[in-house]
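Contents: one structure, followed by commentary.
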Number of protein chains: 2
Amino acid sequence: MSLAPRTNYRHGDLRQALLAAGLDMAREGGPDAVVLREATRRAGVSPNAAYRHFADRTELVQAVSDAARARVAAAIEAEWDAVPSTLSAADAAHAHLRAVGRGYLGFARDEPGLFRAAFTVPRGPEAAFDPAEAGPRDRTSFQLLATALDELVAVGALPRERRSGAELSAWSAVHGLAMLVLEGPLRNLDREVARAAGARLIDMVDRGL
Amino acid sequence: MSLAPRTNYRHGDLRQALLAAGLDMAREGGPDAVVLREATRRAGVSPNAAYRHFADRTELVQAVSDAARARVAAAIEAEWDAVPSTLSAADAAHAHLRAVGRGYLGFARDEPGLFRAAFTVPRGPEAAFDPAEAGPRDRTSFQLLATALDELVAVGALPRERRSGAELSAWSAVHGLAMLVLEGPLRNLDREVARAAGARLIDMVDRGL
DNA sequence: CCTCCCTTGTGTACGCTGTTCACAATGTCA
DNA sequence: TGACATTGTGAACAGCGTACACAAGGGAGG
């Protein structure tokens, strides 16, 4: 007689299950909290099974990071879409820039773990256009920011000679605030204070770009 | 007869030795690379000896973080001191603000591992005034930034009503650039490009604050 | 249908980590 | 001198990432 016939040999979509478990762990604890063995445990599978779908722990973490960036893009798109379409082109351009900033900071506030997984995990710069991290309408958060800046140039609100490198400056500002409040020295800054700081910061960017 | 009489029972200053080893490890690999057992190994001591001086691994890492922030403050002071004393008060104020930014970004560029140890390790906000992280003249990098901003207000370059929260905006900007280039999506950005981006960013801050 | 082979799972094992516990050597103070 | 706190050692444990050999199941060619 065969004792204990195996039940679960084919899982169905283990890769997806591991990624989902990884996202859950990252949500509460950031990328360092993604532990491979725990992911397999949650998927009801032996530790080594993971190695059929990810070469490494780091590869799993990178997949989590990609998925997290896709969610950031989605959050930004949501803010973008909330901009009323009745605005003049000039007002719309400013509003879009601010929407990108708000979406970015809002995600950092609401999903700190995923935010850190999204932006503090080693991924090459080529990933800025990788569809794996794009939002619902296939646009990367970086692309959304670039679009807003192009609009600003088009309406004459941003001198063309300052356009180059503007992504980097704008992105740095909001990213810096997010990091300081999330895992930096300003950790646990009061939620409302952080919100006000975000608004003030976006003012600075809009004025100084 | 006593076999193998013990040689090293009193180390002298083990705490300092562990901290130095921790700083070395953080220098190449950031805070995650600080491993307690390795530190004891480098100090020529058994693993558990560390627990006589640090309750935890995290306590060791925090000590490393404090020391790293002290070095950041020193780097900023060096830039500050390089500002020529012949400038007008107004020019000096701007120059000091830019010196703080340059010192911060320069440290991030030259000592990426220590920079991450300095600013991505859980420490309460009260540490912003802790003498353990101050520079040679007992000033925290945060205090140096605040001084520069006060000068800007004094010479009328920064409207008084925008003074509050200005630290946070300015700090966010440079911190964000540093993080994006260090461990963020812009990792390994060309050194010269990063330098130019830093200059452009400081322009934005100076203009938009 | 049978056979071969590739894919995807399991089991065992290794070295590394942080950490706990009991114990030993040393320095200090009565 | 003797008691005591300090600072080191040694053995042990659980948890981690990972390598290796092996087994179950599915698909393709005969």
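None of the values given here were measured: they were computed from a predicted structure. Chain naming here is simple, since letters A, B, ... match the order of the sequence lines and numbering starts at 1 in each.
- Look at CG on B:Leu14: it is 15 Å from C1' on C:dT26, rounded to the nearest Å.
- In this structure, A:Leu158 CG and A:Arg163 CZ are separated by 7.0 Å, a value rounded to the nearest 0.5 Å.
- Taking side-chain N and O atoms only, B:Tyr51 has a distance below 4.0 Å to OP1 or OP2 of C:dT19.
- The pair B:Glu183-B:Arg116 meets the salt-bridge criterion, since a charged nitrogen lies less than 4.0 angstrom from a carboxylate oxygen.
- For D:dT6, the OP1/OP2 oxygens have no side-chain nitrogen or oxygen of B:Arg52 closer than 4.0 Å.
- The interatomic distance linking B:Leu18 (CG) with C:dG18 (P) rounds to 12 Å, in whole Å.
- Atom NE2 of B:His53 is separated from atom C1' of D:dG8 by 8 Å (rounded to the nearest Å).
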Please output the side-chain donor-acceptor pairs of residues 191-200 of chain A that fall under 3.5 Å, not counting sequence neighbours, one pair per line with the distance.
residue  : atom : partner  : partner atom : Å
A:Arg200 : NE   : B:Ser164 : O            : 3.1
A:Arg200 : NH1  : B:Ser169 : OG           : 3.4
A:Arg200 : NH2  : B:Arg162 : O            : 2.2

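- Comparing B:Ala55 and A:Pro47 by the nucleotide of DNA chain C that holds the closest heavy atom to each, the one mapping nearer the 5' end is A:Pro47.
- Below 30°, between 30° and 60°, or above 60°: for B:Phe119 and B:Tyr104 the angle between ring planes is between 30° and 60°, a tilted geometry.
- Nearest to the side-chain atoms of B:Val45 among the listed nucleotides D:dT18, C:dG18, D:dT9 stands D:dT9.
- Around atom CZ of A:Arg102, more than 12 heavy atoms belonging to other residues, nucleotides or ligands sit under 6.0 Å away.
- Rounding to whole angstrom units, CG of residue A:Leu60 and P of D:dG17 are separated by 9 Å.
- A heavy atom lying under 4.0 Å from DNA chain C marks the following residues of residues 20-39 of chain B, by number: B:Val35, B:Leu36, B:Arg37.
- Separation of atoms CD (A:Glu77) and CZ (A:Arg137) is listed at 4.0 Å; rounding is to 0.5 Å.
- Between B:Asp13 atom CG and D:dT7 atom P the separation is 10 Å, expressed in whole Å.
- Taking side-chain N and O atoms only, A:Arg41 has a distance below 4.0 Å to OP1 or OP2 of D:dC16.
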